[in-house]
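A quick write-up on the structure given underneath.
Lettering follows sequence order; numbering is per chain, from 1.
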Amino acid sequence: MLVRRLLSSRYHVLEAKDGLQGIEVAKETSPDLVLVDLHMPHLSGYEVATRIKSLMPQVPVVALTADVTTGVQKRVLAAGCDGYISKPIDPDTLEEQIESYLAGKRQELKDDGYRQAYQQMLVARMENKVRELTQALDRNAELDKQNLKLLEETQRQARLLKAGAEVGRSITSILDLDTLLRTTVDTICDEFGFYYAGVFLVDDADSAESGEEWAVLRAGRGEAGDAMVAAGHKLRVDGHSMIGAATGQRKAHIALDVGEEPFHFKNPHLPDTHSEIALPLIAGGRVIGALTVQSTAEAAFTSDDASTLQAMADQLAIAINNAQLHQQNQQLLVQADRRAQLLEAAALVGREFTSILDLDELLNKTVDIICAAYGFYYAGVFLVDDADSAKSGEEWAVLRAGQGKAGAAMLSAGHRLKVGGLSMIGDAISQQQARIALDVGEETVFFKNPHLPDTRSEMALPLIVGGEAIGALTIQSTQEAAFNNDDITALQAMADQLAVTINNARLLKDLGTAHAELVRTKTYQAIAEATGESIHWVGNKAAPIPGSVARISEDVIRYLAMANALLADAAPELREHKFAQMLAEAAEEIADRGTFLTDIQAELEAQSLKRLRRMLSVESIFEDLAIIESSARSILNIKEDLIGPARQRNLEVVSLPELLEETIAAMGIPDEVVRTLFASDLRPVWADRRQLGRVFTNLIKNGMEAMHEVKDKKLFLWARMADEPGFAVVDVIDHGAGIPPDQVDKIWMAFYTTKGDRGGTGLGLPACAQIVGQLEGKITVESDAGLGTTFSVFLPVLENTGDDISDERTG
Amino acid sequence: MTEETRILLVDDEKLVRRSMEKTLLRAGLDVETAESAGVGLSMFKDAQKNDEPFDIAILDLNMPNLEGQEDSDAGLKLLSVLLEVDADLPIVVLTAFDDVARAKEAVARGAHAYFVKGREAGLLEIVNNIINE
């Protein structure tokens with residue numbers, strides 16, 4: 001610094017911080033003069049001077065030194081310097097000294113000894129340098145080796161991490177536990193190059209049962225692993241094994257030489273294992289198992305490996321946990337599915353049940369439906385036989401329906417089981433509780449049934465209604481342990497429904513019996529009413545008869561009295577006439593009956609002729625006779641209407657057109673009044689000709705009577721095939737007064753008549769309906785007040801006749 | 001009463017009506033007939049208007065009523081109407097042998113007597129009793 005400050009006013013000063021730099025600067029700038037300090041790092045001032053002087057011999061090189069001993073001066077010159085300037089520098093003379101060296105001043109070295117000594121020093125320094133360099137090279141090599149080792153370790157670490165990541169990636173997506181574990185052990189061995197890997201899981205069920213926790217091998221690498229899994233290889237948690245230690249202590253255990261490890265379980269399946277690491281599998285703070293990784297090399301596991309493998313094990317634990325959860329979910333899903341299936345089957349069964357009201361049909365359908373819907377081997381329904389129980393004092397459950405041939409065989413054998421006896425059915429009924437035999441061999445109350453040899457599990461469900469067991473349902477399967485809790489719940493729900501339905505069917509049967517009873521009673525009542533009605537009616541019809549008879553008797557007596565009175569005053573020969581004798585005899589006969597013609601004669605004499613005419617006439621006698629006849633006819637008609645339909649029927653093939661023509665002719669209805677239309681495709685009917693004739697007689701009569709006030713009477717008969725297949729229809733159409741809407745329904749009632757005093761019995765239409773009903777036909781009516789009425793008689797026709805068939809053949 | 005006692009007979013059964021009419025005619029009574037309550041009422045009112053009122057009414061119970069409908073109480077209704085017009089009119093109600101209860105009810109409502117159809121001499125006796133009262 002000092003040098004530059006002193007010189008920079010006159011010279012351009014370039015600086016270098018050490019010898020090497022100085023040489024470089026000199027080579028680049030070719031300075032006019034070089035000042036060199038003797039004491040510098042790396043290269044000494046001597047060496048720098050020697051180097052620069054050999055590169056550029058013309059450039060003066062001057063050493064700066066505090067040591068101005070003679071030896072130093074000589075060594076400076078021996079090194080090639082042109083001279084030296086002593087330190088501390090004298091500012092007053094420095095410039096002068098520099099100028100002199102620039103001007104070519106050179107101090108001569110006379111003594112060659114210094115030159116030799118300098119040469120030796122250079123060689124010695126060279127050797128030193130070479131030694132230093134060699135050492136540096138050695139050190140570099142060592143460093144390289146260390147670097148390589150670090151690199152290798154890093155690469156191994158990277159590979160482990162990569163393998164860990166690989167394992168992680170491949171396992172986290174696996175939701176099936178077995179696949180997950182299998183894949184894990186394979187991946188660990190493949191990716192890390194280990195001899196063996198295995199996964200143990202703590203078996204909760206086992207633990208709960210025994211009170212001891214065991215880690216069970218769930219997957220192992222290769223044949224050794226398969227063999228151990230198959231053998232149910234398990235290690236006790238906290239026991240004397242690395243797995244036991246890892247699971248018990250929740251930390252990784254490494255055996256670098258398995259021979260020295262107290263916890264190592266000597267495993268004959270894995271003879272080549274020399275080091276082993278056991279890693280706990282912890283998920284959600286819970287040890288769920290452990291992972292063992294084994295190597296054929298001793299001390300194969302570093303602590304880095306351990307942490308890498310543990311990281312992977314943690315990932316595995318989570319994956320296992322996920323898989324277990326997934327498995328649980330799947331199980332729940334399967335359970336839910338099965339449950340849904342059961343419920344669907346139960347719903348089907350329920351639907352079918354409620355629509356069946358006949359008890360035997362219900363029970364038979366039930367066992368069939370249960371077997372079909374649930375896929376069971378056999379189902380049967382037992383009902384407690386009350387009658388039997390009442391008789392014997394012992395309660396028996398009698399098989400009422402059984403599925404298949406076995407069921408049929410048992411039914412025909414009258415298979416029954418004692419309530420409370422040693423059978424599942426007997427037990428289920430007496431206890432009012434479901435009985436389940438998951439393995440019928442173990443069930444003490446299972447009745448060994450030769451008809452059902454393949455039954456392995458059975459369920460007996462009580463049928464309970466209103467707190468009383470009315471029977472039991474047996475369901476059997478060829479599978480052992482075929483029923484789980486859900487099944488039992490679902491099937492019991494179904495059994496409850498069945499019990500209610502059975503009860504309903506029974507009630508309905510009772511109701512049916514009650515109904516039949518009621519119908520009988522009602523029928524008697526109806527007959528009694530009808531009889532009452534008919535007696536009333538007959539009574540009304542008969543009412544005029546006594547009056548008419550009395551008048552006729554009176555009239556006859558009066559005529560006889562008048563005749564006898566005239567005879568009394570007649571000539572004797574006339575009184576002898578045989579007619580007179582007849583009259584006298586009649587008077588005597590009448591007198592015998594307590595009536596004396598003389599009295600009558602006196603009464604009549606008292607009347608005027610005009611009055612007599614009103615009291616007595618032949619016309620009146622005939623009228624009274626007509627009244628009697630008409631009344632009697634009405635009564636005879638009602639008898640026919642009442643008894644007619646009940647007559648013995650003579651069924652025969654009847655042609656409707658023929659029958660209708662005959663009927664019209666027999667009724668004496670003028671041709672111009674009745675019009676007929678008969679379809680050509682009309683088929684004959686199978687009927688009692690006389691009864692069917694009465695039907696049409698009645699309907700035609702009704703039509704004619706409905707038109708009694710119509711001047712131009714027209715009755716229309718139209719016979720054709722009905723729209724309803726297999727039926728013919730005959731319309732009887734009048735254009736009379738019509739039936740008032742409020743009376744249309746009543747016309748079918750016995751003794752109801754719309755005809756007022758025109759003499760209807762009120763029995764015609766009911767009788768018609770009864771006759772047509774017996775022929776499995778029907779009568780309908782349509783009526784428009786004021787426009788007329790149409791009665792339609794539907795009758796089943798005969799099947800195709802032989803002619804029709806031959807027509808079809810030829811056609 | 002005058003010699004010619006005027007009787008209105010209302011019954012829808014033709015033969016029954018004619019038979020009773022004959023019985024009454026032969027007894028010297030002046031009988032007119034109607035086949036329904038409606039016709040009967042108008043004949044009764046016409047007769048009053050013409051100053052030839054009926055002295056006795058004989059009414060069936062079950063026949064077409066004033067509106068022309070079949071009605072088992074038609075006679076009872078006509079009975080009430082006639083009594084409104086002439087409170088002193090003797091009325092005989094006709095009934096079937098098995099329906100006497102309603103006939104008795106008619107008597108309770110103001111009918112003079114009831115007659116069970118059949119032995120017509122009985123009706124004549126009732127009518128004669130009324131005439132002789």
Quick check on Ala27(B) against chain A: is it the side chain, the backbone, both or neither that has a heavy atom closer than 4.5 Å?
backbone

Given heavy-atom pairs under 4.5 angstrom as the criterion, report whether the side chain, backbone, both or neither of Gln607(A) touches chain B.
neither

Select one option (side chain, backbone, both, neither) describing which atoms of Arg558(A) are under 4.5 Å from chain B's heavy atoms.
side chain

I would like to know whether Ser19(B) and Arg551(A) meet side chain to side chain contact (heavy atoms under 4.5 Å, CB included); could you show each step before the answer?
CA-CA 9 Å; Ser19(B) 180; Arg551(A) 282 191 297 276; 2.9 Å; yes

Taking atom OG of Ser617(A) and atom NZ of Lys22(B), what is their separation to the nearest 0.5 Å?
6.5 Å

Interatomic distance, CZ@Arg614(A) vs CG@Asp30(B), rounded to 0.5 Å, equals 7.0 Å

Can you tell me if CD on Glu782(A) sees more than 12 non-hydrogen neighbours from other groups inside 6.0 Å?
no

Flag yes if more than 12 heavy atoms outside Met582(A) fall under 6.0 Å of its CE atom; otherwise flag no.
no

Under the side chain to side chain contact (heavy atoms under 4.5 Å, CB included) rule, what do Arg26(B) and Ser620(A) come out as? Steps first, then yes or no, please.
CA-CA 10 Å; Arg26(B) 287 157 69 106; Ser620(A) 170; 3.6 Å; yes

If every non-hydrogen atom of Ile627(A) is compared with every non-hydrogen atom of Leu15(B), which pair is closest and at what distance?
O-CD1, 4.0 Å

Distance-only, no hydrogens or angles: does the Arg18(B) side chain make a donor-acceptor pair with backbone N or O of Pro544(A) under 3.5 Å?
no

For chain B, the option from Ser548(A), Ala543(A), Ala542(A), Ala626(A) that forms the most heavy-atom pairs under 4.5 Å:
Ala543(A)

